[in-house]
Every structure is written in C-alpha cells, then in structure tokens.
Amino acid sequence: MIYNPSSCSATSILSKIPNKNDIQSSLVSILDGLAHSGTKGMLVYTISFLLWTMIIGATTPIETAAGMAFPLRTAIILSGIGKITGAFSLYVLGKYLFRDYTMEKMKNNKLWMEKINTSFGQHPFRVALIWRFSPLPEFVKDIGPSLVPALRTRYQILAIITHGLPFTCLWSMMGNEAAIVARGGQASIFLKRMVAVITWIGLVVSPTLFGMWIKGLGDKKTTEDESEIVYGLTYPTDSDSDNSSGLGI
C-alpha cells in the first residue's frame, strides 16, 4: 500500500470542516446564552442580526435558531426588528450613497432603467413586492429599489414588512417547534404543511411572477410623458408628486 501524505492531509482538513448540524448547534448555543442575558442579550442579538441582514443576507438559519433559543414571541419581535431594519438600512444607503455611482455604471442600460422606473411608478407596491419575492440576492433586493426614482419610500417599507414578517414568524415557529421536539414534544402537522407551501411558492410561484414582470418590461414600448430626465431615468413631475421630502415618503 502506497502512503500518500497529501491525501491524508486533505482528509484531515476536510474532517475539521464543520457540517450543517455542528454550525446550527453552535449558533443555538450562542443565542441560548444571549437569551439568558436578559435585555442586554436581546439587544446584542437584534443589532447583530441587523448587521447580518445587511452583510450576509441569508436570514432563515438565524431566525430558526433564534426560535429555538428565545421564547417564541420574543424571537419573532427581535428577528423582525433586526431583519426589517437591516433591509431598510440597505435601502437608505443605496438611495443616498450608492445611487450616483450605480447610475453612472448603468448609463448604457438607460432604456431598461426607464421601463423599470415606469413600472414602479404605475404599480409601486405591487412591483416592490414582486421584487422582494424574486430569486435575486438579498443585497440586490434591498439596494435595487433604492435606485428607482419613482418608488416612494413608504411603498418599499410596506413591501419589506409584508414580505419579511410572515417568514420571520414561520421560521421562528419552526425553530420553536424543533426545540419542543428535542424536549420530547410532538411536531406540528400544520407547520410541516406550511413549510411545504412556502417551498413551492419559493421554487415555482416567485420566479414565475418575477419572470412575467421582466417579460412584460421587454414587451412594453417606451412612451414619452411629462417627466424630467436625470441620469437617464424618468422622474415624476411636480404635479405627480406628493410634495414629500427627505426619503420621499
């Protein structure tokens, strides 16, 4: 038998890579410690989850682990605040820090940007919600709408809450149930069915709706209206705006 040191070294390295269960157990252990730290622990978790939402974006594992560590109601409140605030913070950063730079990079896509802007202007909440349910990366879901002049901030906030809060409740409940089962309790058939429905929506319905919206933009002819062009985008005229200021709420 030939001894291969490189193979042994690779096997040793791979054996040290934590698997999914190890990561989840460590995460639950950390959050369990925060749950027993009172108000300070809850504050640390909320701020940490806010930053996680902004930087990493994948919130499901954290929300599920929080449901296992915190009481269910507390987990929903803390995760909801962290996720919604994190998503909105990215939107604000995109609106005020990244817009000019991004618009400069996308100036060759002026026609598409005008179509997107028009679509958001005609159906702001519907399109913002389709964008939230799209298969796009979380960072794009948060930053993208901030580059659309026609979208008022209130519609983006409403879309973030409408999309994010139900999933926070679901994953927190799943984590809470996992903790109950671990203590010898019974699993809920209702939650299993809900997860199956959500999975089907995520794999089939959401991509289909987003694809139909994109196709509609491609089929739609660009028409001229009374609007002001800035960076190749159509801004509503004064008569169309609600005379709001600041975030455009």
Side-chain angles (χ1 to χ4, degrees), residues 17-93 129 131-143 156-203 206:
I17 297 177
N19 57 36
K20 179 181 178 181
N21 292 332
D22 292 336
I23 294 174
Q24 187 174 32
S25 297
S26 298
L27 183 58
V28 171
S29 177
I30 293 172
L31 294 181
D32 191 54
L34 293 177
H36 288 85
S37 299
T39 304
K40 181 180 178 180
M42 292 189 290
L43 184 61
V44 169
Y45 168 69
T46 304
I47 295 175
S48 299
F49 189 42
L50 184 157
L51 296 175
W52 175 279
T53 301
M54 296 179 65
I55 299 171
I56 306 298
T59 59
T60 300
I62 309 299
E63 291 173 298
T64 305
M68 298 175 69
F70 291 96
L72 180 57
R73 181 178 178 182
T74 302
I76 292 175
I77 293 174
L78 298 182
S79 295
I81 293 174
K83 183 166 72 173
I84 291 171
T85 306
F88 181 66
S89 297
L90 271 181
Y91 172 82
V92 172
L93 288 175
L129 195 58
W131 193 275
R132 294 298 307 175
F133 276 98
S134 73
L136 296 171
E138 291 296 326
F139 182 82
V140 178
K141 291 181 184 181
D142 297 327
I143 292 291
Q156 177 65 7
I157 295 174
L158 186 58
I160 290 174
I161 295 174
T162 303
H163 169 265
L165 196 55
F167 283 104
T168 295
C169 293
L170 177 63
W171 301 130
S172 297
M173 291 170 68
M174 286 298 298
N176 181 258
E177 180 175 285
I180 292 175
V181 172
R183 291 192 291 267
Q186 294 294 323
S188 168
I189 300 298
F190 173 74
L191 278 181
K192 290 182 178 179
R193 291 175 178 173
M194 282 295 298
V195 171
V197 171
I198 293 298
T199 301
W200 181 76
I201 292 175
L203 294 177
S206 297

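Positions are given from 1 along the sequence.
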**Q** List the steps and the verdict of side chain to side chain contact (heavy atoms under 4.5 Å, CB included) for L170 and M194.
**A** CA-CA 8 Å; L170 177 63; M194 282 295 298; 4.0 Å; yes
**Q** Locate the shortest heavy-atom distance separating R132 from A87; write the atom from each residue and the value.
**A** NH2-CB, 4.3 Å
**Q** In Å, rounded to the nearest 0.5 Å, how long is the span from OH of Y91 to CE of M54?
**A** 14.5 Å
**Q** Could you check whether any side-chain heavy atom of L34 comes within less than 4.5 Å of a side-chain heavy atom of L31, counting everything from C-beta outward?
**A** yes
**Q** Determine whether a donor-acceptor pair (N or O, by modelled atom type, separation under 3.5 Å) exists between the side chain of W52 and the backbone of A58.
**A** yes
**Q** OG of S188 to CZ of R193: how many Å apart, nearest 0.5 Å?
**A** 9.0 Å
**Q** Can you find a heavy atom in the side chain of S206 that is under 4.5 Å from one in the side chain of I201?
**A** yes
**Q** In terms of side-chain heavy atoms, does E63 have a donor or acceptor partner in S79 at a distance below 3.5 Å?
**A** no
**Q** Do S134 and K141 have side-chain atoms, one donor and one acceptor, less than 3.5 Å apart?
**A** no
**Q** Quick one: closest heavy-atom pair of V140 and W131, and the distance?
**A** O-NE1, 3.3 Å
**Q** Where do L90 and I143 come nearest, in terms of heavy atoms and distance?
**A** O-CD1, 3.2 Å
**Q** With sequence neighbours excluded, what pairs up with Y45 under the ring-ring contact (aromatic ring centres under 6.0 Å, His included) test?
**A** F49, F70
**Q** For E138 and G57, which heavy atoms make the closest approach, and how far apart are they?
**A** CG-O, 3.2 Å
**Q** Would you compute the distance between atom CE of M68 and atom CE of M174 and round it to the nearest 0.5 angstrom?
**A** 10.5 Å
**Q** Taking atom CD1 of I161 and atom CG of L129, what is their separation to the nearest 0.5 Å?
**A** 12.0 Å
**Q** Got a second to check how far I198's CD1 is from L203's CG, nearest 0.5 Å?
**A** 11.0 Å
**Q** Keeping the roles fixed (side chain from T168, backbone from I76), state whether a donor-acceptor pair exists under 3.5 Å.
**A** no
**Q** Could you check whether any side-chain heavy atom of M173 comes within less than 4.5 Å of a side-chain heavy atom of L191, counting everything from C-beta outward?
**A** yes
**Q** Does the side chain of L165 come within less than 4.5 Å of K83's, by heavy atoms?
**A** no
**Q** Does anything in residues 164-175 form a salt bridge (charged side-chain N to carboxylate O under 4.0 Å, His left out)? List the pairs, not counting sequence neighbours.
**A** none
**Q** Measure the acute angle between the ring planes of H163 and F167, then classify it against the limits of 30° and 60° as parallel, tilted or perpendicular.
**A** tilted
**Q** If you measure from CG on D142 to CD1 on I160, what distance do you get to the nearest 0.5 Å?
**A** 6.0 Å
**Q** Flag the pair L72 / S172 as yes when at least one side-chain heavy-atom distance between them is below 4.5 Å, and no otherwise.
**A** yes
